[in-house]
Structures are given as structure tokens and as C-alpha cells.
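Below: one structure, written as C-alpha cells.
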Amino acid sequence: MAQAHVLGLPRIGAQRELKFAQEAFWRGDMDIMALQATGRSVRAANRAAQRATGLDWITVGDFHWYDQVLSTLALVGGLPERFGAKPQALTLNDYFTAARGNSQHSAMEMTKWFDTNYHYLVPEYSPQTRFGKGVDWLFEEVAEALIESANVKPVLLGPLSLLFLGKEKGGLEDRLALLSDLITQYVRVLSRLKAQEVTWVQIDEPIFALDLPERWREAFAPAYAELADVAPSLLLTTYFGDVSEHAALLASLPVAGVHLDGVRAPQQLAAFAACWPADKVLSAGVVDGRNVWRCDLARARAMLMPLAEQLGERLWVASSCSLMHCPVDLASEVGLEKEVRKWLAFAVQKLGEVALLRRSLDPGEFAAADVRAAFVADGTAQAERRTSPRIHNSVVQKRLAALTDADTHRASAYPVRAEAQRAWLKLPVLPTTTIGSFPQTPAIRSARADFKRRAMSHLDYLETMRAQIRLAIEKQEAYGLDVLTHGEAERNDMVEYFGDLLWGFVITEHGWVQSYGSRCVKPPVIYGDVYLPEPMTVTWSAYAQKLTDKPVKGMLTGPVTMLQWSFVRDDQPRELTALQIALALREEVAALEKAGVRVIQIDEPALREGLPLRANDWPAYLAWAVRAFRVCSSGVADDTQIHTHMCYSEFHDILPSIAALDADVISIETTRSAMELLGAFEAFEYPNEIGPGVYDNHSPRVPSQAEMERLIEAALARIPAERLWVNPDCGLKTRDWVQVDGALTNLVAAAKAVRVRLGQAATAQAA
Ligand code: GLN
Ligand code: ZN
């Protein structure tokens, strides 16, 4: 009979216990014993949940104090040398220092884990890198689990992925050269697990889903040959994509089994099974580890049955990837709409689905009353989801069908629009503005929280928020900014705020997912056709506009960012959901315009992170992402000015798409790179207006006027003055007013000083 397992569980705890314990420990409010105890109880709960559902394997080694990549480095003595920690005697404090930095050391760099919203710590490999004996944490966790049962399956990030995901530093030319030294450590680790009487180890090599360079591909066979000699049976896992181009390699590697992602790439399951070696296990990931939807059991079973026939007991039923990317337990969601709740499954529920699917492959078990009942209940829930009026909105469908190409183009080209906008905006050269948010003070946060739990009346809330808007407008006028914003006091989060007001979205109460370290996010769930019942931002922006003669910029979150930072419905293509959001935002834009808010910013900070893992898939993604943005922004008059904003620094490869958004103005993050990034915009001859950030909003430091003048001058060397704006890198919600007062006063003064010099230059030229 087939076996059932998952690739890993969330480690934050059902009530985010680990987060609160870590933060208390960092503050000095909790001692290490108590922190360790929290870790033990999270691990025990995860094992208990796996046992309770009857999984055949209890996955361990998926618990990490901060990050799985950092933990693997700690295990093989590979932390960056610059921290000076002793690999074998590494303490939790040393580990946290590498993750978070301290007064002497900057933290390790963090980057996104494949195309998820989880961030891992990037290994640093230098010519000095020597792997060695590291911490014993994994062996201790295995021992802790073995006390309860023998069917313990440790999980380990594989050596090739560990190297590939790192960066070369200090003049190291090729990190692949470190492989043999690293393999020595994996040999040690795997031998020791074997000595603990572990029979299977899950070894993750997710880099198979990337565009894998040939040299790296070729390194697998020799490396795994060394491991196979000493290791327990190895299950090599791939996930997040199709790996069929590596089918022959995967079938020939000296491992006991391979795991495939059957959610992202269902077609590969049958293809692999058809010619799978008779001595190897194939693990089929059919329960989605990246999303919150209840598994369609009948459909999944239909996929598994032919595999079970071919593979018999060599079939393992699994989650597509680790469940760390979905929230912990649906049982906590007591307040959720009952109908929507029936369509969902969080990590704990998914364990049950995997176990149930495995049982359903056995004819006898499939006939068991509880299995039957579960399939019937699931069938009903799936059918309701297919037809529910809560999901399917005919107005949205009609609007989508009526969408034409003309809806994705502004009436005139940028030069004509710029002219029309200049005529009424009458902005000086180098106009100054901000990216939207102003300090979210404790008073603002508590007002929002009180209102949400109905401890503040609607009227008091309105007045409190209006007072904040008045404050923000007064301050911006005092600084002398040219284009103002209302300050976003009413928004807890740039996606959740809109998710709360749009139909088709639902906000969970406890649906937290780890983003990095102790940081968790609570993505909204997009379950149905997206519909705008009434304007979401007009009250605030129009109120702000009435307070001032300066233009106020409306502030929206774009469709791609909304998609990227939500759990997205899986019953239609993502691009269709993006278009639905875009249509709703298009109406919001029209409502703002009608209310006299005629400068409107549509933020797309997540545009780049939505890029697919494989370069081949980029063009299709970029095409629909750009189209969705243009659907939002193209319904306005020529003289309405559309801004967009992005905050990351790698633009060169997607510049044509950024230009294709055809926003009148784009603001970007450039301070830290000292305008380096502008080189790409210059080389590409970016056609519209651009506001490179001159104030690093991530730092409490107040930059001087002179510093910002230098940055503006640097930008002027690359972008003509008529198309250059002056603004911070991003929103200011995490700063305090003292910092913002100082920085924005200096920013305006810097812009004015450069204007004077430009004026003199112009006069000099004329003379
Ligand atoms: N308008 C948003 C703000 O100012 C933009 C945030 C972002 O780009 N992440 O907060
Ligand atoms: Zn930003």
C-alpha cells in the first residue's frame, strides 16, 4: 500500500507562539530555557498533528529558530566567517546575530524563497569558507521524535541547493568549487542520522525548478553517489515547478525516491510514473502546500489511482511542498463566513487530506464509512464552490467580456498628456511629492483597532482619521511639497485594506504565514469574482483635496500586488483574477477623478516578484501584468496624472514592461544604490517622468539637504530636468514625525536649491 507524508509544517505555532517567544527573547524578556520550551512544544504539536491524522511518516527537522537555510548552514558549520562564531559551539545567540545583525555586524542578506513570500538568509561563500562540524540541533530533534515512534523522517536542505542559493563574496569565483568540502559534511550528517536508526531522509533540492545551469545539473550525480553510500534511504524532493526536463537524471540518481509537485505541474506525474525505475519510490504532491483551498479529493484520487496501479507501494502521497506557506489551522477561524470556510483547508486540514487520499487508494479502505463520508462531504463542498453566487458574479463576467483593447490605452500618448497635465498642475521643475503613507502613530493604530472591535463609534473614527488627514496636509504644506497625499492613516496594510472592502475577498483572523524570522503576514483570501460595491478611497482623498489648493494624489494598490500578496483562487487563471481586480480599480480611479482627485498613484511594488521561476514564462506573465495595470489606469482624461510606484532595485531586465505600464510618473527606490539604478533607465531611454528616491525611508536617519542635493544632481546627470521628480524611496509609515519633519524639510530645500542652480544654468545658456 502507498504511504502518506508531508514535506514540512509551519513552525510558527497555531497562535504564533514561536514569534512571540523569539521577540520576547530578543527583548530580554524571556530566558533561553523558556524559548527552548516553546520550540519543543511547537515541534511536539506538529508531530502530534501528523500522528493524529495517520500519516505514515512524521516529518522532523522542519523546525527552525529563524530560517531553514541558516539552520542548514549551522548544521554544516557554514555560517559566514565574518560573524566569528565557533561552528561547533554555535549558540542560539550567534545564530540570531547572523540573522538579525547587531552593532558590529550587519545581518545576512535576505531574499525571497523561490516565488513564495517567504524570505531566506542568503549564504555567503568566500575563499575562506570551510565547512565543518556544526550544531547538533537536528540530531536532538530527531532523538526527541524517536522517543515517540520509529517512523521519523528528517528533512534537510540538499547540498546543491544550499550552494546555489548563496552568493559568492570576497573574490570567490565559483561556489560550486566548495561542493566536495560540503559533501564531506553531508556525509557526516547522514551517517549520523543512520546511526540514529533513521531509515528515510527527505533531502530538498528545489533548484530543479529553476533554470538550472548545466554545470550544476552535472554536479548532482557524483555528489549523490557519495551520499548514497552512507545515507539512510534518500527521498529527493523537487517542488514549485515542472522538472520533467530532468526526468532521466532524476531517475538515474542514486537516491531511493523522488518527490514531484503535482499541483504546479500535474502533467509530470504520469510522465514520470510511466518510466519510473522499479526500485524507486515516487512521491506525488497532490495537496497544495502553497494555498488555502480544500483539496478536491475525487480529482486528486483520480490522478493517484493510475499511479498506484503502476507503482504499488512505491507510491507516496504527499503535499506539493512544505505546508509552511499556508496558515496553521482552520479551526481558529471561528468568525469566517460559513460558506467560504467550507472551501478552505489550512496546514492541519491538509495533513488529513493527505492521509485520507492514501487510504482511499486501497479498495477496502475506500469503502470504509468514514472515508466515504469524507469524500461525500468534500464533493458537496466542491460542487457548492463551483456554483455559489458568492463566487460567480454575472456583472463582473459581463464587464470582463466587454473589455476591449481600447480600454487598455490612454486617449493620447505621453507627450500630449504631459502637456495637458502641465497646463493645470503648474508644477515647478523637479516637483516634490511623497509615496503616500505618513507615520502610523500608536494613536492611529489604536483608533483603527478600537473601531474594528467596535469599541469606537463610526463617527469618532471618521473624526479621528480626518484629524490625521488635516495634520498630514498642514505638515506637507509647511514643508512646501508640491503634490500632497492624504497619508493613508486608515490603512493597516496596503492589500488588506482593499481586500476588506472588495467583494470576492475575505480577511481571516488568524491566517498567519511566516514571511521571515518572527515576521508573519496575513494574506487576504481571494475566493470569488472581484467586485467594487462602492468607492474605497474617495472619502479620504476627496476630503484631503478640499483642505488644500495643492493637488492631492489619490493612492491605490495595483492588481498585481494585490494578487501577489493574497491567497488567490485556484479555479481560474491568475491573470483573470488580476483583470477582475483591475476592473474594480478602474472604477475606483474613475470615482477619484470625478471627485476632483486628478493625480492618482497605483502602487505595484510586487510586480517584479511575480515573475515566474523560469525565464521562458516571463513574457506571458509580463504581458498580462502590464495589461491589468493599464486596465486600471487607462480610463482617465489626458490631464489626469497617473503615477505608479515600485520599491526594489533590479529593474534592468523588466524595463520595457515598466515603460509599457505607460504611467505618467514612476517613483522608485534609489537612495541606497546612490542612483546607480538610474543607469538602466537612462540606457533604456525611459520615456516618461521619473522620481528616483532621495530619502531612505527604511532608516531613522534624517538626511541632510546637501546629501539630497547631491542625489538630485546625480539623477539630473541621467534624466532630463523636465522629467525628474523629487521624492523619498517609499512610504513613511514606519517613521516618526520628528524624522519626517526633518527629512522632508531638507528634501524640499534640496529641490529648491537645485532649481535655483538649474535656473541659473538656463539663464547662462540663454545669455
Ligand atoms: N503607498 C504606499 C505607502 O506609501 C506604498 C508602499 C509600498 O510601496 N510598499 O506606504
Ligand atoms: Zn515602496
Side-chain angles (χ1 to χ4, degrees), residues 110 112 117 119 432-441 444-445 448 465 468-469 472-473 475-476 481 483-499 515-516 519 521 523-524 536-537 540-541 544 552-566 585 588-589 592 597 599-610 629 632-633 641-651 658 661 663 665-673 677 690-699 725-737 739-740 743-744 747:
M110 212 161 48
K112 273 167 62 81
N117 282 333
H119 301 75
T432 54
T433 188
T434 65
I435 308 307
S437 58
F438 278 102
Q440 294 247 331
T441 57
I444 296 180
R445 288 176 198 278
R448 270 202 324 260
M465 291 299 126
Q468 286 303 325
I469 293 176
I473 296 289
K475 282 189 175 277
Q476 292 173 86
L481 287 164
V483 174
L484 315 190
T485 66
H486 77 286
E488 300 185 25
E490 78 287 2
R491 302 184 192 176
N492 50 345
D493 173 280
M494 63 187 293
V495 174
E496 184 169 325
Y497 176 77
F498 293 98
S515 170
Y516 62 88
R519 175 67 184 256
V521 293
M536 305 178 282
T537 64
W540 309 121
S541 293
V552 168
K553 183 162 65 163
M555 206 48 66
L556 303 173
T557 302
V560 179
T561 300
M562 298 252 243
L563 209 63
Q564 212 46 41
W565 294 346
S566 299
L585 290 174
E588 183 73 21
V589 167
L592 281 169
V597 179
V599 180
I600 301 166
Q601 178 173 308
I602 305 167
D603 291 326
E604 281 292 24
L607 182 79
R608 186 171 206 292
E609 65 179 63
F629 181 91
C632 303
S633 61
Q641 187 171 65
I642 298 287
H643 290 226
T644 188
H645 164 72
M646 291 167 195
C647 36
Y648 38 79
S649 46
E650 282 169 60
F651 277 100
I658 290 177
L661 298 176
V665 186
I666 182 174
S667 57
I668 54 172
E669 176 177 322
T670 37
T671 307
R672 284 196 185 179
S673 75
L677 162 63
I690 174 166
V694 295
Y695 162 32
D696 176 6
N697 60 292
H698 305 292
S699 160
W725 286 63
V726 175
N727 47 257
D729 277 337
C730 189
L732 303 172
K733 62 174 162 235
T734 55
R735 299 275 60 85
D736 65 34
W737 277 114
Q739 295 156 2
V740 169
L744 292 185
L747 180 142

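Order of appearance sets the numbers: ligands from 1, and atoms from 1 within every ligand.
- Scanning both residues, Thr557 and Val495, for their nearest heavy atoms gives CG2-CG2, 4.2 Å.
- If you check which protein heavy atom lies closest to atom 10 (O) of ligand 1, you get Ser437 OG, 2.8 Å.
- The existence of a salt bridge linking Glu609 and Lys112 is confirmed by a sub-4.0 Å separation between a basic side-chain nitrogen and an acidic carboxylate oxygen.
- Considering each of Lys553, Glu604, Gln601, Met494, the one bringing a non-hydrogen atom nearest atom 6 (C) of ligand 1 is Met494.
- Heavy-atom proximity to atom 5 (C) of ligand 1, evaluated over Asp603, Val495, Thr434, Thr734, is greatest for Asp603.
- When atom types are taken as modelled, the side chain of Ser437 and the backbone of Leu732 share a donor-acceptor pair closer than 3.5 angstrom.
- Taking the six-membered ring for Trp and thresholds of 30 and 60 degrees, Tyr516 and His119 have ring planes more than 60 degrees apart, a perpendicular arrangement.
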For the pair Gln601 and Ile435, evaluate side chain to side chain contact (heavy atoms under 4.5 Å, CB included) and give the outcome as yes or no after the intermediate values. CA-CA 8 Å; Gln601 178 173 308; Ile435 308 307; 3.7 Å; yes

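- Between the side chain of Glu604 and the main chain of Val560, a donor-acceptor pair closer than 3.5 Å is present.
- Residue Cys730 approaches ligand 1 through these ligand atoms, each under 4.0 Å from one of its heavy atoms: 6 (C), 7 (C), 8 (O), 9 (N).
- Between the side chain of Thr671 and the backbone N or O of Gly693, at least one donor-acceptor pair lies under 3.5 Å.
- Applying the 4.0 Å criterion to heavy atoms of Cys647 picks out, from ligand 1, the atoms 8 (O), 9 (N).
- For ligand 1, one of its N or O atoms has an N or O atom of Ile435 under 3.5 Å away.
- Below 4.0 Å from some heavy atom of His645 lie the following atoms of ligand 1, by number and element: 8 (O).
- The part of Met555 lying near ligand 1 is the side chain, judged by heavy-atom distances below 4.0 Å.
- Here the angle at the Zn ion (ligand 2) defined by SG in Cys730 and NE2 in His645 stands at 120°, rounded to 10 degrees.
- The distance from ligand 1 to the heavy atoms of Gly436 drops below 4.0 Å at these ligand atoms: 4 (O).
- Looking at heavy atoms from C-beta onward, Ser515 lies out of side-chain contact with Asn117 at the 4.5 angstrom threshold.
- If you look at Pro605 next to ligand 1, the close heavy atoms, those under 4.0 Å, all belong to the side chain.
- Listed by number with element, the atoms of ligand 1 under 4.0 Å from a non-hydrogen atom of Lys733 are 10 (O).
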